[in-house]
Amino acid sequence: EIAAQDLEALKKEPRQYARADLVENGKTRIVGVGIRLKGSAGSYREWDDRPALTVKVDKFDKALTWKALHKFHLNNSVQDETYQHELLAGEVMRAAGVATPRVTHARVFLNGRDVGLYVLKEGFDQLFLSRHFADTTGNLYDGAEASRFEVRYSASAPVGEVVFQARALGTEFKYDDVRLYAWTQS
């Protein structure tokens with residue numbers, strides 16, 4: 001649920017977090033979470049349609065969590081009529097030993113309006129990292145930010161490892177190595 005003034009702010013700046021209340025099954029209420037619209041060319045929808053959303057539970061109060069999450073996404077699945085791609089891909093990745101966000105489904109209501117079934121996906125944040133890695137320092141690259149990077153492939157990487165060099169476009173930063181490891185061992 002989102003108050004009228006916060007909804008107006010969200011409609012004006014849909015990529016900026018607005019204050020809302022998270023209500024689960026009409027009972028549990030978390031007051032003051034952050035909510036914003038998400039999506040790209042194919043999946044982005046306005047609030048009055050069937051928007052994809054990012055919910056940052058601790059955006060305005062760092063002590064808040066929901067189901068041991070600080071951040072999650074509600075994907076509208078307009079590009080996946082089965083609502084299964086994220087779930088099945090996650091299962092495959094987990095079986096291969098890759099740190100992967102948890103995924104489930106949720107029926108979503110926005111200010112009382114039933115917008116239907118959504119894919120609920122755990123966000124990449126510090127809680128995600130600490131669940132999967134002993135050392136959580138370093139850079140975390142989110143796919144949503146990929147368009148901001150120039151990437152060059154390095155063929156000199158060891159077998160089983162692909163190394164890309166990336167730098168933020170429009171910056172003077174040097175290239176940092178980004179390593180993507182093969183899922184299986186030879």
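Atom set for the values below is all heavy atoms of this structure, side chains included, hydrogens, waters and symmetry mates excluded. This is a predicted model, so every value here is computed, not measured.
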Review point. Distance only, no hydrogens: is a donor on one side chain within 3.5 Å (strictly under) of an acceptor on the other, for Asn75 and Ser77?
Key: no
Review point. Looking at CG of Leu87 and CG of Leu120, how far apart are the two atoms once the value is rounded to the nearest 0.5 Å?
Key: 11.5 Å
Practice item. Find the distance between CG (Asn111) and CD (Glu1) and round it off to the nearest 0.5 Å. Key: 6.5 Å
Exercise for review: If a pair satisfies ring-ring contact (aromatic ring centres under 6.0 Å, His included) and one of its residues is in residues 21-69, list it, with sequence neighbours excluded.
Suggested key: Trp66-Phe72
Practice item. Without swapping roles, check the side chain of Arg94 against the backbone of Pro101 for a donor-acceptor pair under 3.5 Å. Key: yes
Review point. Between Asp21 and Arg29, is there a side-chain N and carboxylate O pair less than 4.0 Å apart?
Key: yes
Check your understanding: Do Thr54 and His73 have a side chain donor and acceptor closer than 3.5 Å?
Key -> yes
Point to revise | Distance, nearest 0.5 Å, that separates CZ of Arg15 from CG of Leu10 | key: 11.0 Å
Review point. CG of Leu127 to NE2 of His132: how many Å apart, nearest 0.5 Å?
Key: 10.5 Å
Check your understanding: Applying the 4.5 Å side-chain criterion to the ILVMFWY set and letting contacts propagate, would Tyr17 and Val108 be lumped into a single cluster?
Key -> no
Point to revise | Non-hydrogen side-chain atoms of Glu86 and Asp80 separated by less than 4.5 Å | key: no
Check your understanding: Does the Ser43 side chain pair with the main chain of Gly39, one donor and one acceptor, at a distance under 3.5 Å?
Key -> no
Point to revise | Listed partners of Arg50 passing salt bridge (charged side-chain N to carboxylate O under 4.0 Å, His left out), at least two apart | key: none
Point to revise | Atom of Val98, atom of Thr100 and distance for their closest heavy-atom approach | key: O-OG1, 2.8 Å
Practice item. Evaluate the side-chain proximity of Val119 to Val103: yes if any heavy-atom separation is below 4.5 Å, no if none is. Key: yes
Check your understanding: Rounded to the nearest 0.5 Å, how far does NZ of Lys59 lie from CD1 of Ile35?
Key -> 13.5 Å
Exercise for review: Can you tell me which residue pairs pass the ring-ring contact (aromatic ring centres under 6.0 Å, His included) test with a partner in residues 94-121, sequence neighbours excluded?
Suggested key: none
Check your understanding: Heavy-atom count around Lys62 NZ within 6.0 Å, excluding the residue itself: above 12?
Key -> yes
Point to revise | Distance, nearest 0.5 Å, that separates CG of Asp125 from CG of Leu69 | key: 7.5 Å
Review point. Do Phe124 and Phe133 sit in the same hydrophobic cluster, where Ile, Leu, Val, Met, Phe, Trp and Tyr count as joined when their side-chain heavy atoms come under 4.5 Å apart?
Key: yes
**Study point:** Leu74 vs Val55 side-chain heavy atoms within contact, under 4.5 Å
**Key:** yes
Check your understanding: Ion pair present between Asp48 and Lys11, side-chain N to carboxylate O less than 4.0 angstrom?
Key -> yes
Practice item. Please answer: with hydrophobic residues joined when any side-chain heavy atoms are less than 4.5 Å apart, are Ile2 and Val115 in the same cluster? Key: yes
Check your understanding: Side-chain heavy atoms under 4.5 angstrom apart, residues restricted to Ile, Leu, Val, Met, Phe, Trp, Tyr: same cluster for Leu110 and Val57?
Key -> yes
Review point. Backbone N or O of Pro51 within a donor-acceptor pair of the Asp49 side chain at under 3.5 Å?
Key: no
